[in-house]
Amino acid sequence: MGSDGCFLNIEATLETQIAWWRSWMRERNTGTSKDLDELEDRLRSQLKELQLTGLTEDESFLIALRRMGSRDSLSRAFAQEHAERLWKQLLLPDQLAKPSRRRELWVALGIGIAAAIAIKLPLAFGIDFDEIGDDWYFRNAALLVLPFLAGWFFYQRRTSLWRGGLLAIPAICLAVAINAYPFAPHAQTLVLAATHLPIALWALVGIAYAGPHWQSHTMRMQFVRFTGEWIIYYALIALGGMTLVLTSLALSTVIFGSPQEWLADWLMPAGAAGAVIIAAYLVHAKQRIVENMAPVLTKLFTPLFTIVLSAFLLAMLWKRNLLAIDRDALIVFDIVLVVVLGLVVYANSARGALTHPDAIDAIQFILVVTALLADVGGVAAMVARIAALGSTPNRVAALGLNGLLLIHLGIAAWLQLGFLQRRRPFAVIERWHTSYLPVYAIWAAFLVFLLPPAYRFA
């Protein structure tokens, strides 16, 4: 069979495709056999990462070639020359008509509808959002929705019942704690526990996503990528949902003479819950066709966040008096730091283990160092406030978060510098991020379980 036949044959094995790719590269490559071996190792590394997410061999091969093409001119020429055949291989009607593909869509829709019903189910027990929902839904909204997302991943990974049961145990413990603790009205510990509960639950969702490979650094980084792209899709669905609700209210005003508020009461919460599952399905479906968004977002936002953080750092130095920075400013500051760290880790999730430093890595290093310096100022401000004004749950939580970020950013900056100097491979940076991320889930669990009783639920 000729080289064309290898690619047009849907049943061609992955090894056959790699062999054909190597033959094509060898005919046109001016480098040594060692260089070609390095390229093949990089290709196989990408294939392994992609197949762990559930993609087929054909889909993994296409996306791996696109990634390599973004860094290597000869790989890009290969992908361009055979792009039409690659797309045909993935998009032939017989492939799209596979029962498994249709089943995935219907399962996702079914789980999404179940999540939408669950978010309004408390109404049947007299729990109305308008009356006591400000407290009850604040505690339990994540508990009503995220288990369905975990269920979607259980379906994807064909998780056994006993493994799913083990994962349900910590979720049940979190549910009991958030509902059984005797929080005082408007307590700081209630706000902290309720806002950090979704973080702890999201970590459990990540374990469901990884399946039996939850200890794999590769799968953890894949979940980081999923999280970033899920946020993007969810935001887009939310914009469409807001438009739908506003249109429905406008039409009800025209027909009934006044807006029918029950439309918003049902469409908004039910749609927000169902969109959690649909956004996850879209991320999964998108991976089959195009490359991820991380490189584009990195190049766009890394310089912008570097400028913003630099301005904030200069403002802190100009004020000098750390107590003069009020609580709201520190909250915004922490949010910005978390977003910056998320951007850095999300950007790293799109890189291969054998990648080489480029200009965007230098800008990212500046961003990490700037965030680190700003975080040092934030930690100093929190220590000064606690020393002068005393300890409160909010101050302890803020100081703990800033301390965790300080360690994370400090070591990340050191490793990034070594990568820029070509003293250490990029894989070391990736492993540091994936090793440290569970610490945030542990901290969130601490704020849910232990901080409230320590401050007597005040």
Yes or no on side-chain contact (heavy atoms from CB on, under 4.5 Å) for Asn140 and Leu143, after CA distance, side-chain angles and deciding distance? CA-CA 5 Å; Asn140 292 281; Leu143 287 165; 3.5 Å; yes

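- The aromatic rings of Tyr440 and His408 lie tilted to each other, with the angle between the two planes from 30° to 60°.
- Taking the six-membered ring for Trp and the full ring otherwise, Phe183 and Tyr455 have centroids separated by 6.0 Å or more.
- Atom CG of residue Leu405 and atom CG of residue Asp334 lie 7.0 Å apart, to the nearest 0.5 angstrom.
- Val379 and Gly403 make their closest contact through CG2-N, 4.3 Å (heavy atoms, listed as atom of the first residue, atom of the second, distance).
- Side-chain atoms of Tyr346 and Thr227, non-hydrogen and from C-beta on, never get closer than 4.5 Å to each other.
- Residue Leu447 holds its CG atom at 12.5 Å from CD1 of Ile442, rounded to the nearest 0.5 Å.
- Within 6.0 Å of the CZ atom in Arg158, the count of heavy atoms belonging to other residues, nucleotides or ligands exceeds 12.
- Nearest heavy atom pair, residue Ala445 against residue Ala200, reads N-CB, 4.4 Å.
- Among Phe223, Phe148, Trp202, Tyr209, the one residue that satisfies the ring-ring contact (aromatic ring centres under 6.0 Å, His included) test with Phe153 is Tyr209.
- The environment of Leu161 atom CG is sparse: at most 12 non-hydrogen atoms of other residues, nucleotides or ligands sit within 6.0 angstrom.
- Put simply, the side chain of Val396 reaches to within 4.5 Å of the side chain of Ser391, judged on heavy atoms.
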side-chain contact (heavy atoms from CB on, under 4.5 Å), that's the test. Do Val340 and Thr370 meet it? Break it down for me. CA-CA 10 Å; Val340 167; Thr370 305; over 6 Å; no

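- In this structure, Gln156 and Glu104 have side chains that are in contact, with non-hydrogen atoms separated by less than 4.5 Å.
- Every residue two or more places apart in sequence or in another chain was checked for a side chain to side chain donor-acceptor pair (under 3.5 Å) with Tyr181, and none qualifies.
- In plain terms, the two heavy atoms of Phe449 and Cys173 that are nearest each other are CE2-O, 3.5 Å.
- A 4.5 Å side-chain heavy-atom check between Met221 and Ser216 finds every atom pair outside the cut-off.
- Here the rule is side-chain contact (heavy atoms from CB on, under 4.5 Å) with Leu367, and of Leu372, Thr306, Ile307, Leu341 only Thr306 fits it.
- Side-chain atoms of Arg139 never come within 3.5 Å of backbone atoms of Ala194 as a donor-acceptor pair (strictly under, hydrogens ignored).
- Applying the side chain to side chain donor-acceptor pair (under 3.5 Å) test to Tyr234 and every residue at least two apart in sequence or in another chain returns nothing.
- With values rounded to the nearest 0.5 angstrom, Leu204 atom CG is found 11.5 Å from Leu149 atom CG.
- Taking both residues in full, the closest heavy atoms of Thr189 and Leu451 are given as CG2-O, 4.2 Å, listed atom of the first, atom of the second, then distance.
- Within the 4.5 Å cutoff, the side chain of Leu190 has heavy atoms near those of the Asp135 side chain.
- Side chain of Thr159 to backbone of Tyr155: no donor-acceptor contact under 3.5 angstrom is found.
- Taking CZ from Phe365 and CH2 from Trp414, the interatomic distance works out to 9.5 Å, rounded to the nearest 0.5 Å.
- When atom types are taken as modelled, the side chain of Asp375 and the backbone of Leu406 share a donor-acceptor pair closer than 3.5 angstrom.
- Shortest non-hydrogen contact noted between Val191 and Phe138 is CA-CE2, 3.9 Å.
- Going from atom CZ of Phe419 over to atom CD of Gln364 covers 9.0 Å, rounded to the nearest 0.5 Å.
- Nearest heavy atoms, Ala142 versus Pro147: O-CD, 3.6 Å.
- The backbone N or O of Val283 sits nowhere less than 3.5 Å from a side-chain atom of Glu229 that would complete a donor-acceptor pair.
- Atoms CG and CD1, on Asp361 and Ile429 in that order, are 7.5 Å from each other to the nearest 0.5 Å.
- The closest side-chain heavy-atom distance from Leu109 to Ile278 is below 4.5 Å.
- Shown here are the side chain to side chain donor-acceptor pair (under 3.5 Å) partners of Arg431, two or more places apart in sequence or in another chain: His217.
- Contact check for Pro122 versus Leu144: side-chain heavy atoms found under the 4.5 Å cut-off.
- Partner of Asn348 under the side-chain hydrogen bond (donor to acceptor under 3.5 Å, both in side chains) criterion, out of Glu430, Arg225, His433, Gln416: His433 alone.
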Take Phe154 and Leu167 through the test side-chain contact (heavy atoms from CB on, under 4.5 Å) and record every step on the way to the result. CA-CA 11 Å; Phe154 287 156; Leu167 195 59; 3.6 Å; yes

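- The six-membered or imidazole ring of Tyr436 lies near that of Trp432, with a centre-to-centre distance under 6.0 Å.
- Aromatic ring centroids of Tyr281 and Trp230 lie 6.0 Å or more apart.
- Contact of the Asn402 side chain with the Leu337 side chain is registered, since non-hydrogen atoms from C-beta on lie closer than 4.5 Å.
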Derivation and outcome, side-chain contact (heavy atoms from CB on, under 4.5 Å), residues Leu174 and Ile178: CA-CA 6 Å; Leu174 289 167; Ile178 198 68; over 6 Å; no

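- Between Phe446 and Trp443, the distance separating the two ring centers is shorter than 6.0 angstrom.
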